[in-house]
Each structure stands twice: as structure tokens, then as C-alpha cells.
Trainee: 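For reference, the structure I am asking about is given below.
Chain letters run A, B, ... following the sequence lines, proteins first and then strands; every chain starts at 1. Given the structure is predicted, the values throughout are model-derived calculations rather than measurements.
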Protein chains: 2
Amino acid sequence: MTGQLPTTRRPTRQRTAIAEALSHSPEFRSAQEIHARLAEGGAGVGLATVYRNLQAMAADGEVDVIRTEDGEAVYRACATEDHHHHVVCRGCGLAVEVTGDSVERWAEAVAAEHGFVQVRHTVEVEGLCGDCARRR
Amino acid sequence: MTGQLPTTRRPTRQRTAIAEALSHSPEFRSAQEIHARLAEGGAGVGLATVYRNLQAMAADGEVDVIRTEDGEAVYRACATEDHHHHVVCRGCGLAVEVTGDSVERWAEAVAAEHGFVQVRHTVEVEGLCGDCARRR
DNA sequence: ACAGTAATGAGAACCGTTGTCAAATTCATG
DNA sequence: CATGAATTTGACAACGGTTCTCATTACTGT
Ligand SMILES: [Zn+2]
Ligand SMILES: [Zn+2]
Ligand SMILES: [Zn+2]
Ligand SMILES: [Zn+2]
């Protein structure tokens, strides 16, 4: 679908650090958060580099990116590279991955019904996780 | 669901102009676009005012707001105030409104399944409309 | 008309993000 | 290992959308 060009990327300390930091979080993180975390963790990485790599990873489908309510881009390394969606807790940010054939079919159908092609969709479910709900 | 406080809003020339401009477009428009359109249309409206009113309208559910791929907020006056979604053309911006009980149910179900409450969801379908597809 | 309150607008400030470009790193190749 | 071409990095400036500030203006009820 998306022209997967033979992306040649070089392994660098920075890229690894970013991927590493991301892989240890069950929550979506902003570029700035990653940058801060790496900074305090000793081995700092330039802010621009964090942005560039996160974008590259997202483009390669290695990580998922969604937009926060105020337009900030947040990233998350997902367990699977297959198409899926998230249920995100607006209290703690916890995100669980879910799949749903019914949504996929619905999106396709409703788009085709109106003559649209090359269809893509974004679906995000948001609420309060059990813990956060209890804590109120 | 969302506490609909008795929002007291005063009628002003600006507010009307914005609502008017918005109501005549089947496409999502950014605050800046609205501002520009109003400016060239003689009766100018301050940029800050455009932002404020669009936000207020969105909060009141009078208009829908979605985030463009690069994080820009775009607004659209919808035919119905009931809950619904859109299929947007990434070529020309044309947006058609759709409803889908199946998605609604799916969202509820999948959230509940993971112990989430106070669930909300965003669903946007995006592709190329017939015209734009032909034009390539 | 009058006072009280909400709304406006010009501009500054904010903040996430992207661009710049010289210096550093990686990868072939010899 | 030495060398050079190609990538990547990082400090910092610049950008663009959005929000803030606050003096001025427009509504509203009495
Ligand atoms: Zn939570
Ligand atoms: Zn999907
Ligand atoms: Zn189109
Ligand atoms: Zn829905």
C-alpha cells in the first residue's frame, strides 16, 4: 500500500537509545519526554535527533504515532507491527492494543459506499482504566 | 455525558460571521482559513476571536473539530449535532458525514473488555473521493 | 442612561516542531 | 589500518499554530 522503499538506516547509539527508551513504556510518549528521559539518563541525545528518529520509525511502521488532544505527536513501540488500534487511559496514559475486524470492515464499507478509494482510518478509544476509575 | 453547563453566550457580529463562514463549507477549515476568508470579505474578525469562538463552538458541540495529520485543528459545521463521523478526502478536503452503530458498539465493547469506563472515541476515515481519484 | 459583565483585537508570548550547517560517525574500499 | 564518500548528529535559529494579555468595545438587565 505505502511504497516501502528499501530504507537504509544506519545503527547509531542515539537511534538505539531512543528505541530502547520507547520499548520500555506501555504509554505513548512525546518526543520531548523521550529527550528528557535520555538526558537525565546520562547519554543525552539531541532534540532534533529525537524528532528525526521518531518520525523515521513511524514512517517505517516501527512505532505508532497518534495526536494528543492538543495536537502533540506521541509515539509508542507496539508489540505487533500489524494494523491495530489502542484504548488509552486519559488518567494515566496506559495504552492497550486491540484489533477489531468489524471496524476495519466498517471503515472500508462506508468509504466505498461514498466512492472513496485508497482508504485509511484512524480509530482511538479513550477512557479511564480500572485503576484510575477507582482512584476517584 | 459531558456536563452541558448552561453556556451563556452573547450574540456578536463576529460570532455570527464565523458561524456563517463555516456553515457554507462542506470541508473542514482551519482557524486561519476562516480568519483569512473573513478578512477579504470586508468585515474582518480578529484572529484570536476566531480561535476563541471556534473552540467555544466545538465545546458546545456546534461544530466538529479534528486534527489534521500535522496537528492543525480544523473545524466543520455539521448538519446534525448527533454523534457521527466523517469520511474526508485528502485531495480536496471534501467531507461526508456518516454514522455507524457497529463502530459505536465495537468501541464500547472493546473498552469495557479491558475495564475502561467513561469511554469516548474518535474515528476518522480518510481517502480519495471519486473526483480526486479520477484526476490522477 | 448606567453599571456590570462578556467579548473583541493587536500584539506579544508560547511551545512543539522543523530547518541549517559544520562536525562527528559509519561504511566501503583499497 | 587508511581514506574518502555518504549519513547522522547536535546546537541553535527559525517557523507556525495557538494562547495570553489587557485596554477597549459591545451586550444586557434595570
Ligand atoms: Zn489509568
Ligand atoms: Zn483499523
Ligand atoms: Zn476530493
Ligand atoms: Zn462514534
Trainee: Figure out the CD/P separation between B:Glu33 and D:dT18, and round it to whole Å.
Mentor: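 Atom-to-atom, B:Glu33 to D:dT18, this comes out as 11 Å.
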Trainee: Give the nucleotide from the list D:dG10, C:dT17, D:dT8 with an atom nearest to the side chain of A:Arg67.
Mentor: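 Per side-chain heavy atoms of A:Arg67, the pick is C:dT17.
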Trainee: With the side chain of A:Tyr51 defined as its heavy atoms from C-beta on, choose the nearest nucleotide among C:dA7, D:dT18, C:dT18.
Mentor: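 From the listed options, C:dT18 comes nearest.
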Trainee: Within the pair B:Gln14 and C:dG9, is there a side-chain N or O less than 4.0 Å away from OP1 or OP2?
Mentor: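 Yes, such a contact exists.
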Trainee: Rounded to the Å, how far apart are A:Arg13 CZ and C:dT25 P?
Mentor: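 Result: 9 Å.
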Trainee: The side chain of A:Gln55 lies closest to which of these nucleotides: C:dA7, D:dG17, C:dT18?
Mentor: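 Side chain of A:Gln55 sits closest to C:dT18.
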Trainee: In the hydrophobic cluster built from side-chain contacts under 4.5 Å, what are the other members alongside B:Val45?
Mentor: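 Other cluster members: B:Ile18, B:Leu22, B:Ile34, B:Leu38, B:Val50, B:Leu54, B:Met57, B:Val63, B:Val65, B:Tyr75.
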Trainee: Within the side chain of B:Thr68, is there an N or O that forms a donor-acceptor pair under 3.5 Å with the backbone of B:Asp70?
Mentor: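 Pair absent, no side-chain N/O of B:Thr68 close to backbone of B:Asp70.
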Trainee: Counting side-chain heavy atoms from C-beta on, which of C:dG16, D:dT8, C:dG9 comes nearest to A:Arg15?
Mentor: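 The answer is D:dT8.
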Trainee: Ignoring the backbone of B:Ala48, work out which of D:dT18, C:dG11, D:dT7 is nearest its side chain.
Mentor: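 Closest nucleotide among those given: C:dG11.
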Trainee: For a quick test of reading the model: is some side-chain N or O of B:Arg10 closer than 4.0 Å to OP1 or OP2 of C:dT5?
Mentor: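 Looking at the OP1 and OP2 atoms of C:dT5, neither is under 4.0 Å from any side-chain N or O of B:Arg10.
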Trainee: Identify which nucleotide among C:dT8, C:dT26, C:dT20 has an atom closest to any side-chain atom of B:Thr49, counting heavy atoms from C-beta outward.
Mentor: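 Selected nucleotide (nearest to the side chain): C:dT8.
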Trainee: To the side chain of A:Asn53, which of C:dT17, C:dT8, D:dT9 is closest?
Mentor: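 Nearest to the side chain of A:Asn53 among the choices is D:dT9.
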Trainee: For A:Glu33 and A:Ser30, indicate whether the former's side chain and the latter's backbone hold a donor-acceptor pair under 3.5 Å.
Mentor: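 Answer holds: yes.
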Trainee: Under the 3.5 Å rule, do the base of D:dG10 and the side chain of A:Arg52 count as making a donor-acceptor pair?
Mentor: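 Such a pair exists between side chain and base.
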Trainee: Taking only side-chain nitrogens and oxygens of B:Arg9, does any of them come within less than 4.0 Å of OP1 or OP2 of C:dT8?
Mentor: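 Answer no for this pair, as no side-chain N or O of B:Arg9 is under 4.0 Å from OP1 or OP2.
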Trainee: Among B:Glu97, B:His86, B:Glu27, find the one that has a side-chain hydrogen bond (donor to acceptor under 3.5 Å, both in side chains) with B:Arg76.
Mentor: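 Per the side-chain hydrogen bond (donor to acceptor under 3.5 Å, both in side chains) rule, the option paired with B:Arg76 is B:Glu97, out of B:Glu97, B:His86, B:Glu27.
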Trainee: Are OP1 or OP2 of D:dG17 and a side-chain N or O of B:Ser30 less than 4.0 angstrom apart?
Mentor: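 Checking B:Ser30 against D:dG17: no side-chain N or O falls below 4.0 Å of OP1 or OP2.
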Trainee: Name all pairs fulfilling the ring pair (Phe, Tyr, Trp, His ring centres under 6.0 Å) condition that reach into residues 88-118 of chain A, sequence neighbours left out, sorted by first residue then second.
Mentor: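 Of all non-adjacent pairs touching residues 88-118 of chain A, none passes ring pair (Phe, Tyr, Trp, His ring centres under 6.0 Å).
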Trainee: What is the separation between atom CG on B:Leu47 and atom C1' on D:dG17, rounded to the nearest whole Å?
Mentor: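 Result: 9 Å.
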